[in-house]
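Below you'll find the structure, written out as structure tokens, and then a few comments.
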Amino acid sequence: MKFATWNVNSLRARADRVEDWLDETDADVLTIQETKCRDENFPWGMFEMMGYQVAHFGISQWNGVAIASRVGLDDVEYGFAGQPEFGKNGVDPEVEARAISATVGTKNTDVEPFRLYSLYVPNGRSLEDEHMEYKLRFLDALHNHVTEDLTDTTRVALTGDWNIAPYDEDVWDMEFFLNNGLTHVSEPERAAFRAFEDSGLVDVVRPRHPGPETYTYWDYQRLRFPKNQGMRIDFILASQHLANDVTDAWIDREARKGPGPSDHVPVVAELG
DNA sequence: ATGGTAGACAATCTA
């Protein structure tokens with residue numbers, strides 16, 4: 001059984017790519033970020049024709065998260081308990097479409113079911129921006145929610161775009177980030193990510209594909225991809241009980257090639 | 001050369 005996570009940067013603009021990728025990789029489950037659409041614009045039919053159930057949380061042209069599965073999709077939760085709201089410039093605060101979860105693996109597979117999250121962590125924009133404080137609040141609330149009932153037998157995977165490069169090797173040039181005061185590498189962001197690792201959630205990819213120069217995202221601008229000036233910011237963090245069942249995991253760098261790619265590539269895990 | 005990309009939606013906003 002194979003599951004993956006992918007920030008597609010608009011599902012409508014990338015529908016053909018997603019369809020082709022699912023065909024080629026034969027993934028059973030895909031968590032998607034940045035669908036950039038509301039439900040009425042979501043390509044339900046494409047997933048249905050391919051034999052996937054799909055759940056989507058999208059309330060505007062921004063953000064948007066989904067889970068597609070052909071091995072069961074049960075008990076869908078939109079957002080998570082305690083997810084902070086955000087609103088600026090007097091706009092009514094609301095829970096943004098940045099988290100959706102479901103239980104997968106309940107049918108058509110031999111693996112034990114597990115709880116799966118599709119997460120789009122807020123972009124902090126700049127170190128002083130109010131979005132940075134929101135990002136840290138979001139991560140703290142998510143950590144509280146997920147670790148609340150975490151035990152030795154918990155089966156959960158937190159997947160998606162974390163917008164954090166947790167270690168120096170996860171960017172092409174730390175000096176560039178430090179000299180320009182950029183986000184994704186600041187100590188508060190990294191501490192927020194480490195809190196998940198300290199609570200026993202395991203990055204299933206890094207041990208199999210260590211850095212440096214192993215990335216999941218390359219900016220569209222400035223030839224970042226041809227120069228391999230990327231960032232590792234998309235992760236599959238699994239509880240230890242689930243991580244024990246992971247037989248392989250990788251980053252599909254090929255998906256960044258060719259015409260019309262997302263700026264992120266899929267991160268994949270296989271369960272035995 | 002003071003820009004360069006991409007996608008939402010249709011003047012800017014987001015990343």
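Just so we're on the same page: letters track the sequence lines, and every chain starts at 1.
Of the C1' atoms belonging to B:dA6 and B:dA10, the separation is 16 Å, rounded to the nearest Å. Nucleotides B:dT12 and B:dA1 have their P atoms positioned 30 Å apart, rounded to a whole Å. Look at the C1' atom in both B:dA15 and B:dG4: the space between them is 16 Å, to the nearest Å. Between B:dT14 and B:dC9, the distance separating the two C1' atoms is 12 Å to the nearest Å. When the P atom is compared between B:dG3 and B:dG7, the two are found 22 Å apart, to the nearest whole Å.
The nearest whole Å value for the distance from the CZ atom in A:R224 to the P atom in B:dT5 is 13 Å. Rounded to an integer number of Å, the gap from A:N63 CG to B:dA15 P is 7 Å. Computed from coordinates, the A:R98 CZ to B:dA15 P distance equals 6 Å when rounded to whole Å. In this entry the distance linking CD of A:E34 with P of B:dC13 reads 18 Å, nearest Å. Atom-to-atom, NE2 of A:H264 to P of B:dT5 comes out at 18 Å; the value is rounded to the nearest Å. The distance from atom CG of A:N9 to atom C1' of B:dG7 is 6 Å, rounded to the nearest whole Å. Taking atom CH2 on A:W62 and atom C1' on B:dA15, their separation rounds to 9 Å, with Å as the unit. A straight line from CD of A:E40 to P of B:dA8 spans 15 Å, rounded to a whole angstrom.
A:R70 has a carboxylate O that lies under 4.0 Å from a charged side-chain N of A:D28, or vice versa, which qualifies the two as a salt bridge. Using a cutoff of 4.0 Å between basic side-chain nitrogens and carboxylate oxygens, A:R206 and A:E169 are scored as salt-bridged. Ion pairing of A:E197 with A:R194 is absent here, as no side-chain N (NZ or NE/NH1/NH2) approaches a carboxylate O to less than 4.0 Å. Salt bridge annotation for A:E85-A:R137: absent, with no cationic side-chain nitrogen under 4.0 angstrom from a carboxylate oxygen.
Closest to the side chain of A:R14, from the set B:dA6, B:dA15, B:dA8, is B:dA6. The side chain of A:R222 lies closest to B:dG4, out of B:dG4, B:dT14, B:dA6. Picking from B:dC9, B:dA15, B:dG4 the nucleotide with the shortest atom distance to the side chain of A:Q61 gives B:dC9.
Two residues, A:S10 and A:P122, neighbour DNA chain B, and the one matched to the more 5' nucleotide by heavy-atom proximity is A:S10. Ranked by how close their nearest DNA chain B nucleotide is to the 5' end, A:G260 and A:N123 are led by A:G260.
A cation-pi arrangement is absent between A:R98 and A:Y134 under the rule of less than 6.0 angstrom and at most 45 degrees off the ring axis.
Backbone-only contact: A:Y120 has heavy atoms under 4.0 Å from sugar-phosphate atoms and none from a base.
OP1 or OP2 of B:dA15 sits under 4.0 Å from a side-chain N or O of A:R125.
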